[in-house]
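To start, the structure under review is shown below, and the notes come after it.
So you know, we letter chains A, B, ... as the sequences are listed, proteins then strands, and number each from 1. Keep in mind that this is a model prediction, so the values were computed, not measured.
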Number of protein chains: 2
Amino acid sequence: MKGSKNTNYIPNLSYDCVIFGFNGKTLKILILEYHNTGLFALPGGFIKKNQSLKDAVNKGVEDRTGLTNVFMDQFQIFGKLDRSDPAATRRILDGNNEDLEKNEWMMERFLTVGHYALINYEEVDPKPDHLSDSIGWYDIDNVPQLMMDHNEIVEKALEVLRNNISEKLIGMNLLPPKFTMKQLQQVFEAILDQKLRRTSFQRKMLSMDILERHEKLFEGKAHKAPFLYSFKQ
Amino acid sequence: MKGSKNTNYIPNLSYDCVIFGFNGKTLKILILEYHNTGLFALPGGFIKKNQSLKDAVNKGVEDRTGLTNVFMDQFQIFGKLDRSDPAATRRILDGNNEDLEKNEWMMERFLTVGHYALINYEEVDPKPDHLSDSIGWYDIDNVPQLMMDHNEIVEKALEVLRNNISEKLIGMNLLPPKFTMKQLQQVFEAILDQKLRRTSFQRKMLSMDILERHEKLFEGKAHKAPFLYSFKQ
DNA sequence: TATGTATTGTCTCACTTTATGACAATAATC
DNA sequence: GATTATTGTCATAAAGTGAGACAATACATA
């Protein structure tokens, strides 16, 4: 996008992605901060004219996390008239010494396609892109003020994640390939933001016939070692 | 959009809407046929540059059904590279003696925002728009071949409807304000495409405390008259 | 080596929800 | 007045869930 009129991208349309990770205790999301602006935002970008939406988002997430084959889903397009903020865009371009005139198209109204991604926190090495100072993990209940309507996008993403966790079993994407029952429970608890009963949870998970039991995990702790599990198939 | 370059609309972005109705027996959707083309399609359209996505879709549905305040929700954006079909668009414009050059922008790649709407079948008087020959109801299991990826959009819409019917109680939008328990059950059965148990269904609906019971409905049939219900609030 | 500690896997019992069938009530017909 | 089809509700069985109990066990400590 650097130093050119917009001949490459679909105009007026962007994507944003709420990237969830789980560090064993709390649910986190990736947020980036733009150079010299104090502006926080979700990772996002534009769709090339010869690129599918899916490819565009995958590419964006890969660039920022180094991960490929990330579980990801779009959940809503945000299309309000007043959601864009050209002043903020201008500040970002200014802060990076980008040519304003040549990026005029970015000041227009944008609709954005909201996505969420679930990734294994431990495998990720977030990298800031060329416009950003930093990219980092924030606890889901401690998200700073974000630009435009990005806070609303985060709220919606979390809502969708909560609705989907039980039926679609997508929580697996937040864990390493092998995990203990306790870890699985902690993921559910972090997403739903409520305590679950250990015995009921275990019974339910096992009865669903989706887990494969492996060797035990010896952590060196003074108690019975738990089994490791993976998702079947 | 008639006779102008595209200065009014967001380029490369459209909406399509799967409009569901229920005639008492089967679930139906509205499909339109373009003049002199034999092309069937979902009702859809473009978003004006100074119009929110929601307003655009509401307007489109109102124009075609005469209904305002229709229950509607977006469920997915379709963004594959090859989903557009400029040849079909050209046939539609040709069939209506529209100026091809002035509508050149319509031949570009489009992403579309899929919506579904639920309406009271009996209140609707579908009207073809100026490009269309006819608009009419089709049984959900007897949908003709549609242009572009519209069949896929219908499939997805139905899937989303099925997933949402139980938890979000959106089925009410398919019924008149007052209805019998049997009618309500028939809506569920049509959407889920499976028989439900009368007693369990009734008990569940009543236990949810969402229905208000009214006078009985005397249909002139030789059996006990059922109560009429409406949704609370 | 023996004992203590924290956590795990599983079981039990009470309680709630759901499935399935039974049955009386009733609006219209014969 | 008897018949018919459907409705509203109850009875019982089956399945699922909540809450706690308890033995098993991996390691720490003595």
[atom1]/[X] to [atom2]/[Y] distance, rounded to the nearest 0.5 angstrom?
X	Y	atom1	atom2	value
T112(A)	Q74(A)	OG1	CD	11.5 Å
Y116(B)	L42(B)	OH	CG	15.0 Å
Q202(B)	S207(B)	CD	OG	11.0 Å
M172(A)	L211(A)	CE	CG	10.0 Å

Under 4.0 Å from OP1 or OP2 of dA19(D): is there any side-chain N or O of R197(A) that close?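 The answer is yes; a side-chain N or O of R197(A) sits under 4.0 Å from OP1 or OP2.
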
Taking only side-chain N and O atoms of S200(A), does any of them lie within less than 4.0 angstrom of OP1 or OP2 on dG18(D)?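 Affirmative; the distance criterion is met.
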
Interatomic distance where [atom1] belongs to [X] and [atom2] belongs to [N] [whole Å]:
X	N	atom1	atom2	result
L211(B)	dG8(D)	CG	C1'	14 Å
Q186(B)	dT6(D)	CD	C1'	13 Å
L217(A)	dT7(C)	CG	C1'	12 Å
Q185(B)	dG8(D)	CD	P	11 Å
F201(A)	dT10(C)	CZ	C1'	17 Å
M205(A)	dT10(C)	CE	P	16 Å
Q202(B)	dC10(D)	CD	C1'	12 Å
L184(B)	dT7(D)	CG	P	13 Å

Counting primed atoms, P, OP1 and OP2 as sugar-phosphate and everything else as base, the B/S/- map of nucleotides 22-30 of chain D against protein heavy atoms under 4.0 Å is --BBBBS--

Please confirm whether any donor atom in the side chain of R203(A) sits under 3.5 Å from an acceptor in the base of dG9(C), or the reverse.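 Side chain to base: no pair below 3.5 Å.
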
Residues in ring-ring contact (aromatic ring centres under 6.0 Å, His included) contact with F20(A), at least two apart in sequence or another chain: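 F20(A) satisfies ring-ring contact (aromatic ring centres under 6.0 Å, His included) with no residue once adjacent residues are dropped.
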
D55(B)/K48(B) salt bridge by N-O under 4.0 Å criterion: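 Between D55(B) and K48(B) there is no salt bridge, as every charged N stays at least 4.0 Å from the carboxylate O atoms.
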
Ring pair (Phe, Tyr, Trp, His ring centres under 6.0 Å) contacts in which one or both residues fall within residues 163-202 of chain B, not counting sequence neighbours: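 Residue pairs passing ring pair (Phe, Tyr, Trp, His ring centres under 6.0 Å), neighbours aside: F179(B)-F231(B), F188(B)-F201(B).
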
Tell me what T199(B) touches on the nucleic acid: a base, only sugar-phosphate, or nothing, going by heavy atoms under 4.0 Å.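 Base contact.
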
